[in-house]
Amino acid sequence: MTLKDVARKAQCSEATVSLVINNRPGVNKNTREKVLKIAKEMGYIPNSIARSLALKKTSTIGLLITDIENPFFGSLVHHISVAARNRGYSLIVSTSDDDFEKENEALEVFLNRKVDGVIVVPTQRIPEDYSMFQAYRKNNVPILFSVSYYPEFDSDRVLTDYAKGSYLLTKYLLELGHRRITYLIGADEQAPINKERLKGYYDAFSEANLKPDAKDISRCSQPVFFEGYQTSRRILQEKNLPDAIIAINDVLALGAKKAAEDMNLFVPNDISIAGYDDVMYASLLEKPLTTVKQDIKEIASRSVDLLLQRIKQPKKPLEQIFVQPELIVRHTTGMKRS
C-alpha cells in the first residue's frame, strides 16, 4: 500500500495526500478528513525513512541512562518516553552501566541512527576523552544532560538542586541532635552528582557552626545496594558508631539499612538512615525511608522540552534548569540516641 494508492482512491494528488499525512497546512478540512479516512480504511502506513529523508529529521531522540535496575532510572525512562511521545517523538533507550566505553558505544549507535538529539545521564566519574561528544557537535546533533552533567562539556542540562536537597536533609539531622553523619557517595568526589550534594552537607554543618570529620565521607565504587551494604558494614564495625548514615540515592541507603539490621542495630533508635531520590518503594517498606524527593516527572518533561527547543533553535544560549527537591521525613530517622 503506497501513498499513490491513497491518492488514486481519494481522487487527489500525491502532494495533497503527503500534506495530510505529514499534518501540514494547505489542505481544506473536508479533503483532509476524506484522505485520513481512506488511508485508515486502506491500512496505509507512512514510510518513515522516506519522510526522514524529505524532512531531514527522524523525529527520534536517544536516551542514555546509567543503570536500568535502579527504580529511579526506570521511572525516568517512563516519564521521558511519555513526554517525547506527547510531543510527536519516538525514543531509543540504551544503558551505559556507568562505564565510559559503553557510554561511547551507545552514543555512536544513536549518531548512526540519525537521532535528532540525545538526552544523556552521565556516568558517576569525570571522563578524560570527550571525542564522541565532540562528534555530536560536529554533526550538529544536540546533547542535553539530565540528572547530572560533565563539567568539561558545555551543554544544556536539567537536574535537581542537589546541594539544596542535601542541605535540607543534613540540617534536619543536625536539629535532631546528630553530629557524626556519615555520607555514602559515589567513587568520584568531583562528579557533580557527588560534589553538589557534599556542598549542601558542608553548608548545613557550617551554618550550625560545626565541622564534619573528613573520614565520614565514604566513597562507594558503584551507587548500588551491595556497595551500600558492604560499606556500611565496615563503618558499623568500628568502635564509635556514627549517629546517622545518609546516601546519594535510596538504593545505597537501603543497603545501609540492611547492614544495620543484620548487625542487630535498630533503625532509627540506634542509628538514623536516609536516602535521596524517593523511589517508589521507599514509602512501601515496613519502615518507610526518610529521603529527599526528586521530581522525576518534572525533570523528564523539562529535559524533553529543552532538547526539542535546542533542536529547533540550535544557536540559542545554553540553559541550566534546577528542579527543586523536597525533604520527605519518614520512619528511618529520629532523635540522637542518648
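Hydrogens, waters and symmetry mates are skipped; everything else that's a heavy atom, side chains included, is used.
Side-chain heavy atoms closer than 4.5 Å link hydrophobic residues (I, L, V, M, F, W, Y) into clusters, and following such links, possibly through other members, connects Met132 to Ile61. No path of Ile, Leu, Val, Met, Phe, Trp and Tyr side chains, each step under 4.5 Å between heavy atoms, connects Val120 with Leu318, placing them in separate hydrophobic clusters. Following chains of ILVMFWY side-chain contacts shorter than 4.5 Å, one cannot reach Val251 starting from Ile328, and the two form parts of different hydrophobic clusters. Tracing side-chain contacts under 4.5 Å through hydrophobic residues (I, L, V, M, F, W, Y), one never reaches Val121 starting from Val109; they form parts of separate clusters. Hydrophobic cluster membership differs between Val224 and Val279, with clusters built from Ile, Leu, Val, Met, Phe, Trp and Tyr side chains linked at under 4.5 angstrom.
For the residue pair Pro242 and Thr182, the shortest heavy atom distance occurs at CB-OG1, 3.4 Å. Across all their heavy atoms, Gly165 and Val292 have their closest contact at O-CG2, 3.5 Å. Leu169 and Ala274 make their closest contact through CD1-CB, 3.7 Å (heavy atoms, listed as atom of the first residue, atom of the second, distance). Considering all non-hydrogen atoms of both residues, Ile273 and Ala253 come closest at CG2-O, 3.6 Å. For the pair Glu14 and Lys4, the tightest heavy-atom approach, listed with the atom from each and the gap, is OE2-CE, 3.4 Å. Considering every non-hydrogen atom in both Met335 and Leu176, the closest pair reads SD-CD2, 3.5 Å.
Salt-bridge formation is detected for the pair Asp278/Arg330: a Lys NZ or Arg NE/NH1/NH2 atom is positioned less than 4.0 Å from an Asp or Glu carboxylate oxygen. Salt-bridge check for Lys293 with Asp277: failed, with every basic side-chain N at 4.0 Å or more from each acidic carboxylate O. With respect to Glu189 and Lys195, no salt bridge is recorded, no charged nitrogen being found less than 4.0 Å from a carboxylate O. Salt bridge status for Glu33 with Lys37: absent, with no side-chain N to carboxylate O gap under 4.0 Å. Taking the charged nitrogens against the carboxylate oxygens, Arg180 and Asp213 have no contact shorter than 4.0 Å, which rules out a salt bridge.
When atom types are taken as modelled, the side chain of Lys34 and the backbone of Ala10 share a donor-acceptor pair closer than 3.5 angstrom. Looking at Tyr201, its side chain does come within 3.5 Å of a backbone N or O of Ile181 through a donor-acceptor pair. Judged by distance alone, with hydrogens and angles left aside, the side-chain atoms of Tyr136 form a donor-acceptor pair with the main-chain N or O of Leu107 at under 3.5 Å. With hydrogens and angles ignored, the 3.5 Å screen pairs no side-chain donor or acceptor of Arg125 with any backbone N or O of Asp188. At least one donor-acceptor pair under 3.5 Å links the side chain of Thr170 to the backbone N or O of Ser166. At least one donor-acceptor pair under 3.5 Å links the side chain of Ser232 to the backbone N or O of Gly228. At least one donor-acceptor pair closer than 3.5 Å links the side chain of Asp161 to the backbone N or O of Lys164. Arg179 places a side-chain N or O within 3.5 Å of a backbone atom of Leu174 that can act as its donor or acceptor partner. Side-chain N or O atoms of Asp98 include none that pairs as donor or acceptor with a backbone N or O of Asp67 at under 3.5 Å. Judged purely by atom type and a 3.5 angstrom limit, Tyr150 has no side-chain atom pairing as donor or acceptor with the backbone of Pro192.
Rounding to the nearest 0.5 Å places NZ of Lys102 at 7.0 Å from OG1 of Thr95. From Gln320, atom CD reaches atom OG of Ser155 across 11.0 Å, with rounding to the nearest 0.5 Å. The CD1 atom of Ile296 sits 9.0 Å away from atom CZ of Phe73, with the distance rounded to the nearest 0.5 Å. Here the straight-line distance linking atom CZ of Phe225 with atom CG of Leu254 works out to 7.0 Å at 0.5 Å rounding. Annotation: the span from Leu64 atom CG to Thr123 atom OG1 amounts to 9.5 Å, rounded to 0.5 Å. Atom CZ in Phe153 sits 9.5 Å away from atom OH in Tyr130 (nearest 0.5 Å).
Heavy-atom contacts from other residues, nucleotides or ligands closer than 6.0 Å to OH of Tyr281 number more than 12. Within 6.0 Å of the NZ atom in Lys211, the count of heavy atoms belonging to other residues, nucleotides or ligands does not exceed 12. Heavy-atom neighbours of Glu69 CD from other residues, nucleotides or ligands within 6.0 Å: at or below the threshold of 12. When the shell of 6.0 Å around CD of Gln11 is examined, it contains 12 or fewer heavy atoms from other residues, nucleotides or ligands. The number of heavy-atom neighbours closer than 6.0 Å to CZ of Phe226, taken from other residues, nucleotides and ligands shown, is 12 or below. More than 12 heavy atoms of other residues, nucleotides or ligands sit less than 6.0 Å from atom CE of Met263. Atom CD of Gln237 is surrounded by more than 12 heavy atoms from other residues, nucleotides or ligands within 6.0 Å. Sparse packing is recorded around CZ of Arg302, with 12 or fewer heavy atoms of other residues, nucleotides or ligands lying under 6.0 Å away.
His178 and Ser272 share a donor-acceptor pair across their side chains, judged by distance under 3.5 Å alone. No side-chain donor from either of Thr66 and Gln124 sits under 3.5 Å from a side-chain acceptor of the other. Using a 3.5 Å distance cut-off with no hydrogens or angles, the side chains of Glu207 and Tyr167 do pair a donor with an acceptor. When only modelled atom types and interatomic distance are considered, Asp203 and Ser206 share no side-chain donor-acceptor pair under 3.5 Å. Looking only at atom types and distance, the side chain of Thr333 has a donor-acceptor partner in the side chain of Tyr172 under 3.5 Å away.
In this structure, Phe322 has its ring center no closer than 6.0 Å to that of Tyr162.
Annotation: side chain of Arg32 is not in contact with side chain of Asn28 (no heavy-atom distance under 4.5 Å). Using a 4.5 Å cut-off on side-chain heavy atoms (C-beta onward), Ile299 and Ile321 make no contact. No side-chain heavy atom of Val20 sits under 4.5 Å from any side-chain heavy atom of Cys12. Counting only heavy atoms from C-beta outward, the side chains of Thr332 and Pro268 never approach each other to under 4.5 Å. Taking the side chain as every heavy atom from C-beta outward, Pro325 and Tyr276 approach each other to under 4.5 Å. At a threshold of 4.5 Å between non-hydrogen side-chain atoms, the residues Lys336 and Leu173 do not count as touching. Using a 4.5 Å heavy-atom cutoff, the side chains of Gln309 and Glu319 are in contact. His78 has its side chain within reach of Val82: a pair of non-hydrogen atoms, C-beta onward, lies under 4.5 Å apart.
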Start with the C-alpha gap between Lys258 and Asp262, add the side-chain angles, then the distance that decides, and say whether salt bridge (Lys or Arg N to Asp or Glu O under 4.0 Å) holds.
CA-CA 6 Å; Lys258 174 65 173 170; Asp262 284 355; 3.3 Å; yes

Evaluate the side chain to side chain contact (heavy atoms under 4.5 Å, CB included) criterion for residues Leu198 and Ile185: first the C-alpha distance (whole Å), next the side-chain angles of each, then the deciding distance (0.1 Å), finally the verdict.
CA-CA 9 Å; Leu198 285 174; Ile185 66 169; 4.0 Å; yes

Ile271/Leu236 under side chain to side chain contact (heavy atoms under 4.5 Å, CB included): CA gap, chis, key distance, verdict
CA-CA 10 Å; Ile271 187 167; Leu236 297 174; 3.7 Å; yes

Could you pull out all donor-acceptor pairs under 3.5 Å where a side-chain atom in residues 137-148 meets a protein atom, sequence neighbours excluded?
| residue | atom | partner | partner atom | Å |
| --- | --- | --- | --- | --- |
| Arg137 | NH2 | Asp154 | O | 2.6 |
| Asn139 | ND2 | Ala135 | O | 2.7 |
| Ser146 | OG | Ser303 | OG | 3.0 |

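With a 6.0 Å cutoff to the six-membered ring centre and a 45° limit on the axis angle, Arg197 does not count as a cation-pi contact of Tyr183.
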